[in-house]
Amino acid sequence: MSGPVVVEVPTGTAARAVFTTRAGGSSTGALAALNLSADRGDDDAVVRGNRTALCAALGIDPAGVAMARQVHGAGVREVGEGDDAGRFTGALRDWPASDALVTRVPGRALMVLGADCLPVLLWRRDGEGVAAAHAGWRGLVAGVVEGAVDALGTPGRTGAAIGPGIGPCCYPVSDEVRRRFADRFGAAVVRGDAVDLAAAARAALVAAGVDAAAVTTVDACTSCDAARFYSHRRDGEAAGRHAGVVWATGEAA
Ligand SMILES: [Zn+2]
């Protein structure tokens with residue numbers, strides 16, 4: 001088996017921001033191959049193996065990875081030294097509910113899962129912390145992205161990466177959702193009968209004070225790109241989950 005295949009966004013500081021693809025893991029069938037969720041019917045041993053392989057490829061300690069029980073809200077949880085230790089490749093479940101995580105502990109990695117919803121990764125350019133948000137349409141409207149920026153602090157010195165998510169090519173939504181997006185993020189995020197989640201996330205970051213030039217968007221539609229990504233809209237309940245991972249390396253920038 002070849003190792004996990006990831007898309008890394010340069011941060012320009014002592015932090016790393018990585019988006020996983022579905023390539024390079026041991027899950028089979030509809031979950032093939034690098035499914036990182038313990039809640040999609042995959043074998044726990046396979047999920048642990050995928051997570052361990054990812055950590056090895058990234059050079060991070062699995063014992064220090066924190067996740068959340070994602071609920072499509074706007075809650076932010078601060079992860080401190082020792083919180084959740086070992087759960088990532090141990091118990092796998094029972095994470096506290098939230099849709100964003102922030103930490104100021106070097107070496108502690110934050111992971112959010114997605115399969116159409118956007119992983120949004122944040123880092124302070126002074127190296128003093130990182131954050132991650134799971135942002136689908138509900139979370140975006142609820143303000144999860146702005147909440148993560150606020151929790152991290154110093155938005156003017158924050159960098160951000162918007163990961164793979166479902167594109168406006170594949171995401172028709174109800175009149176009600178389109179109206180809420182236009183009201184919240186401006187008419188430009190509505191494209192025909194669809195909404196553009198990445199454009200909305202970018203608007204949310206800028207509204208929260210992040211410099212537009214410090215925001216990178218990974219240009220990939222999870223529904224179009226079945227070879228690289230899981231998609232709930234495309235595959236329904238059978239879909240696995242890829243992830244965004246961010247951590248401060250603790251090295252001098
Ligand atoms: Zn598409």
Side-chain angles (χ1 to χ4, degrees), residues 7-19 68 70 72-78 98-104 110 112 114 116-169 171 173 177-192 194-222 243-248 253:
V7 177
E8 181 156 8
V9 173
T11 66
T13 188
R16 291 180 65 190
V18 170
F19 299 102
Q70 300 174 179
H72 297 282
V76 184
R77 179 167 70 96
E78 173 125 16
S98 75
D99 285 273
L101 297 164
V102 60
T103 189
R104 297 167 215 289
L110 308 176
V112 289
D116 290 341
C117 294
L118 298 168
V120 179
L121 305 178
L122 304 168
W123 56 91
R124 281 174 54 154
R125 284 179 279 170
D126 60 9
E128 295 297 314
V130 296
H134 159 254
W137 80 259
R138 288 181 183 83
L140 284 165
V141 170
V144 70
V145 170
E146 296 93 327
V149 173
D150 288 350
L152 191 57
T154 67
R157 287 187 293 156
T158 292
I162 300 168
I166 194 162
C169 40
Y171 197 48
V173 294
V177 172
R178 290 199 300 275
R179 187 182 58 72
R180 291 174 74 176
F181 263 64
D183 289 350
R184 188 78 165 71
F185 305 110
V189 303
V190 176
R191 308 284 181 82
V195 292
D196 186 336
L197 296 179
R202 176 175 278 273
L205 288 165
V206 171
V210 177
D211 186 345
V215 181
T216 300
T217 300
V218 173
D219 197 10
C221 170
T222 46
V245 191
V246 66
W247 71 100

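Residue indices begin at 1 and follow the sequence shown.
When each of Ile162, Val218, Val112 is tested with Pro119 by the rule side chain to side chain contact (heavy atoms under 4.5 Å, CB included), just one qualifies, namely Val112.
By the neighbour-count criterion of 12 heavy atoms within 6.0 Å, atom CG of Asp219 is sparsely surrounded, having that number or fewer from other residues, nucleotides or ligands.
Listed by chain and residue number, nothing satisfies the salt bridge (Lys or Arg N to Asp or Glu O under 4.0 Å) test with Asp150 (two or more places apart in sequence, or in another chain). Partners of Asp211 under the side-chain hydrogen bond (donor to acceptor under 3.5 Å, both in side chains) rule, at least two apart in sequence or in another chain, do not exist in this structure.
In this structure, CZ in Arg202 is found 12.0 Å from CG in Leu118, a value given to the nearest 0.5 Å. Here the CG atom belonging to Leu110 is positioned 13.0 Å from the CH2 atom belonging to Trp123, to the nearest 0.5 angstrom. Glu78 CD to Arg104 CZ: the interatomic distance, rounded to the nearest 0.5 Å, is 4.5 Å. Atom CZ of Phe181 sits about 5.0 Å away from atom CG of Leu197, to the nearest 0.5 Å. To the nearest 0.5 Å, atoms CZ (Arg16) and CG (Leu121) are separated by 12.5 Å.
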query = Are Val145 and Leu140 close enough, and set up right, to give a side-chain contact (heavy atoms from CB on, under 4.5 Å), and what steps lead you there?
reply = CA-CA 6 Å; Val145 170; Leu140 284 165; 3.8 Å; yes

key: Residues Val195, Tyr171; criterion side-chain contact (heavy atoms from CB on, under 4.5 Å); working and verdict   = CA-CA 7 Å; Val195 292; Tyr171 197 48; 3.7 Å; yes

ask   = Could you go step by step and tell me if Val76 and Leu101 meet the side-chain contact (heavy atoms from CB on, under 4.5 Å) rule?
value = CA-CA 5 Å; Val76 184; Leu101 297 164; over 6 Å; no

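Heavy atoms only, all atoms of each residue included: Val141 and Phe185 are closest at N-CZ, 4.3 Å.
Applying the ring-ring contact (aromatic ring centres under 6.0 Å, His included) rule to pairs touching residues 125-160 yields His72-His134, sequence neighbours excluded.
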